[in-house]
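By convention here, the first residue in the shown sequence is residue 1.
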Amino acid sequence: MDVLAGSVERVTFHSPETGFCVLKVHARGKRDLVPVVGHAPAIAAGEWMTASGRWTNDREHGLQFRAETLQVTAPTGIEGIERYLASGQMRGIGPLMAKRIVAAFGEAVFEIIEAAPGRLTEVEGIGKTRAARIVKGWAEQKAVREIMIFLHAHGVGTARATRIFRTYGHESLKVMAEDPYRLARDIRGIGFRTADAIALRLGLAREAPRRLAAGVAYALQKAMDEGHCGLPVDALVRSAADLLDVAPDLVRCAAALALREGRDVVADTLRGEPCLFLKGLHGAERAIAARLLDRAGGTPSWPPIDFLGRARPWVEARTGKALSASQAEAVDLALSAKLCVLTGGPGVGKTSTLDAILRILTAKGVRVLLAAPTGRAAKRMAEQTGLEARTIHRLLEIDPRNGGFQRDETNPLDADLVVIDEMSMVDVPLMHALLKAIPERAALILVGDVDQLPSVGPGQVLADVIASGRVPVARLTEIFRQAAQSRIVTSAHRVNSGCVPETPPRGEPSDFHIIEIDDPDAGVETLIEAVARRIPRRFGLDPTRDIQVLTPMIRGSLGSRNLNHRLQAVLNPNPPTLVERFGWRFAPGDRVMETRNDYDRDVFNGDLGTIAAIDMAEEVLSVDFDGRAVVYPFAELDTLVPAFATTIHKAQGSEYPAVVIPVVTQHRTMLARNLLYTGLTRGRRLVVLIGQPRAIRTAVQDHTVRRRWTRLQEWLEAG
C-alpha cells in the first residue's frame, strides 16, 4: 500500500452522493500535478490530502493514484486557505470574499472563525447573518472530517459521511458508537449492510442478540418497502438469515425474543399461515378495519334525500347530462350510505357521478371536504367538481416538527362528508391517519380504480376494502359513447380485459398509437425522436411541458435513469446555469420530481415541478411546484430527480396531455396488466406505446397480481 500526501490544486469531479472524486494534487516529491481518484464526502481546492492506495496506469487517463482511504485537513498556507475559502465548500464565501478574508486575517483565518467569530464582521461585506453562515459551514466541515476519521478507523468508506452529519449533527460519532443500526433506519441511502459493517468493526459479535434483532426488523422493513405489512415466518427467517449470514435457528430465536419483549414485531396469522408484522402496521390495519366497520353500518348526518323522485331530475337539469342506470344507483347509494366505494375504469362516468353527488349535497348545505393523495390529483379533482380539493397531507395539516398531522381524533376535521379520490394510491399509514381525523358523524366516499397499481407504500387498502364485501361498492362499467370514441379509453379497457390494444389504421386520426421496435437500445433513439420532434410537430404539443415519458423500470437503456439523461441533453441542451449533484445535472427549465415526503418544505413523494432559477452565490435552486416556489440548497438535492421520464408507479394519481410508454422485454420482471393499464390511463390527449410486440403481449397476459401480505381484508371480513 502506497501513501501520497499533498495539497489539492483542483477538484476535477466530485459526487456528494457517492463521495467519488477526481483530484489534481501537488504531491510531495512530485514535480507535476498528480491525478488522484478516491472517495471523500466533501473536498475542496486548497485542502491538505493524505491518501493510501496504489498507482495504476489507466488506459484513457494514464498514470493516476487510486486511493482506498482519503483524509483531508484544513489548509495552512495563505494560497491554500484562499483556494479553500473560494471553493464553494463554505456557503456565503465566493472568490472575492475569500481574498478579503485572507487579506484581513492571513493564516489565522480558521482560528478567528473558531475562537473569535465576531471579528468576521470586520471584513467588508460580512454582516452578522453571513458571519453566522460561515461559522456554521466551518463547523460542519470540521465535523465531517471527524466522522471521516471514525469511519476510516472502522474500515467503512466515506461516501455517506455528509449525510450522516446532516442527520445527527454533532451527535454523529456518539450515535454510531452506541447504535450503528440507527444509520440504516434513519438515513436514506445507508443500507443495513453498511450499518452492520460498522457494528462488526466496533466489536459486536455476529450472533449478538442486538444484531439478530436488528436483522429481523430490517427484513420486515424491506418487506414494507415492497408493499407488505408483514411476512410469513418462514420467509422472514430466510430473508434475515441470508442478510445476517447466520443459521436460521438463531433468527427464529431472535424473533421469538423480540415478540416476548414486546418490541416492534407482532405475531399473527394470515390465511392460516403464521406471520410476523411490524407492530405499527399491524395496529394501523386493525384500526382501519374497526373504523370502517363502525361507519359502514351507519346512516349519514343529513336528512333522507328522495333521489329518484326529486333529486335526480333536478341534478340532470342542472348538468344537462342524463345519468345512466348504473350511475343513478351509485348516486343513490352515496346519498344514503355513511360509507361507500365508487370504482371503475376510464370513460365510465366516475367524474359526472361524483359531480351529481356533490351538487345535490352542497345544495342541501352539507359541508364537504375533498382530497387526493397527490397535488396533481387534487388539482384535477377541483377542476372537475368546481370545489376546493387538497392533498390528504394538507387536509390533515402537517406537523413538520414531529412529522405527523395536527388533525386527529382530538382535533378532527370539520365536515359532514369527506371524499377521497385516487384511493388505489392510499397506503395503510396514510389511511390510518385519515380515518383518525374524520369525525364520527361524517360520511366517507372512497373513489378510485381498483384495477390500477396498488400504493407505493405498504398495503392495498382499496382492493382489500372491496374484496372484503363489508363495504357498499358502486362499480361503474358502462363506457359512455363519447369516451368510447377515444382509443386511449378503449385500449385501456382492452388491456384490462386481457386483450392486446389495437393499432389504428394507417393515416386515421387517433389519440393512441403503437410504434413497434425490435431492439431496446435502438428504441431509445426512436423514443427521443418521438418526444422531441414527431409528437410536437404532429400534435402541437410542447415536449417539455406536455409530454411525459412513463417507463416500467428505473434501470436499463429504456429505464427512467438513462432516459432522463438522454432527454435532458436533447430537451434542455444549453442552459444558462447548471449544477451537478448526486449524479444528476440540474438546470433552469428542467422538470424534476420530489422522491420523499418533505414536511418542512410541504412537498411530497411524486410531486412534479420545474426548476425556475439557480443562485450559484447562495448555492440554492428554486423549483416551481404548480405556482409555488420551493427552495433547495445544493447539499439537499439528493431527494430531487429529473422527471422528463419517470416510472409508471411514480405517475399514479397524475394525468398528462401526452404519455409515451416504452415496453420491452428488458422490463420483463415488471411487466404486468395492471402496470400497463395504469400507464395508459395517465394520458389525456395522446398515448404512444413504443415497444416490442412480444413485450406488450407479455404485459397484457400477466394478470397475476403480485400478492401483498396484508391483513385488512381478513379483519374486515371477521368484523
Side-chain angles (χ1 to χ4, degrees), residues 17-19 39 41 143-144 146-226 228-231 233 235-267 276-282 403 429 457-458 596-597 638:
E17 183 183 43
T18 63
H39 288 81
V144 167
E146 292 175 355
I147 294 169
M148 285 265 296
I149 294 168
F150 180 90
L151 290 171
H152 283 150
H154 296 94
V156 179
T158 60
R160 306 300 179 192
T162 303
R163 190 167 289 167
I164 291 170
F165 177 79
R166 282 215 312 268
T167 303
Y168 303 122
H170 295 286
E171 297 291 309
S172 298
L173 299 182
K174 180 182 177 184
V175 168
M176 286 187 287
E178 291 180 352
D179 183 10
Y181 294 106
R182 277 190 63 184
L183 302 182
R185 295 195 299 270
D186 297 347
I187 301 177
R188 178 175 174 269
I190 292 187
F192 177 85
R193 295 187 185 280
T194 300
D196 192 41
I198 295 176
L200 293 173
R201 286 274 185 165
L202 288 169
L204 192 67
R206 299 188 67 80
E207 299 177 358
R210 184 155 63 108
R211 179 172 185 262
L212 299 175
V216 169
Y218 180 74
L220 277 174
Q221 183 70 40
K222 186 178 177 184
M224 186 186 85
D225 293 340
E226 295 170 358
H228 305 294
C229 294
L231 274 185
V233 172
L236 175 63
V237 167
R238 285 195 302 271
S239 176
D242 290 345
L243 179 73
L244 297 167
D245 193 22
V246 298
D249 287 346
L250 285 172
V251 176
R252 287 186 186 276
C253 291
L257 179 62
L259 286 169
R260 283 199 303 272
E261 294 181 353
R263 292 185 198 159
D264 296 334
V265 182
V266 176
L276 289 179
F277 293 80
L278 286 170
K279 182 182 286 186
L281 287 176
H282 186 267
R596 295 182 68 188
N597 288 339
D638 54 323

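Checked against side chain to side chain contact (heavy atoms under 4.5 Å, CB included), Leu243 has the following partners two or more places apart in sequence or in another chain: Phe192, Arg193, Tyr218. By the side chain to side chain contact (heavy atoms under 4.5 Å, CB included) test, Ala213 is found to be paired with Arg263, residues two or more places apart in sequence or in another chain being considered. With sequence neighbours left out, Asp249 forms a salt bridge (Lys or Arg N to Asp or Glu O under 4.0 Å) with no residue at all. Applying the side chain to side chain contact (heavy atoms under 4.5 Å, CB included) criterion to Ala241, with sequence neighbours excluded, gives Pro248, Val251. In this structure Glu207 satisfies the side chain to side chain contact (heavy atoms under 4.5 Å, CB included) test together with Leu250, sequence neighbours excluded.
In terms of heavy-atom proximity, Met224 sits nearest to Leu278 at SD-CD1, 4.1 Å. Nearest heavy-atom pair, Leu259 versus Ala267, reported as atom, atom and distance to 0.1 Å: CD2-N, 3.5 Å. Of all the heavy atoms in Pro429 and Leu281, the pair that sits closest is CG-CD2, 3.9 Å.
A distance of 14.0 Å separates CG of Leu212 from CZ of Arg252, quoted to the nearest 0.5 Å. Annotation: the span from Leu236 atom CG to Leu220 atom CG amounts to 4.5 Å, rounded to 0.5 Å. Here the OG1-CG distance, from Thr194 to Leu183, works out to 8.5 Å after rounding to the nearest 0.5 Å. Going from atom CG of Leu244 over to atom OG of Ser239 covers 9.0 Å, rounded to the nearest 0.5 Å.
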Under the criterion side chain to side chain contact (heavy atoms under 4.5 Å, CB included), I'd like the reasoning laid out for Arg206 against Leu200: C-alpha separation, chi angles, the key distance, then a yes or no. CA-CA 7 Å; Arg206 299 188 67 80; Leu200 293 173; 3.7 Å; yes
Identify every side-chain donor-acceptor pair in residues 173-182 under 3.5 Å, counting partners at least two apart or on other chains, and give the distances.
residue: Asp179; atom: OD1; partner: Tyr181; partner atom: N; Å: 3.3
residue: Asp179; atom: OD2; partner: Arg185; partner atom: NH2; Å: 2.9
residue: Tyr181; atom: OH; partner: Asp196; partner atom: OD1; Å: 2.6
residue: Arg182; atom: NE; partner: Asp186; partner atom: OD2; Å: 3.2
residue: Arg182; atom: NH2; partner: Asp186; partner atom: OD2; Å: 3.4

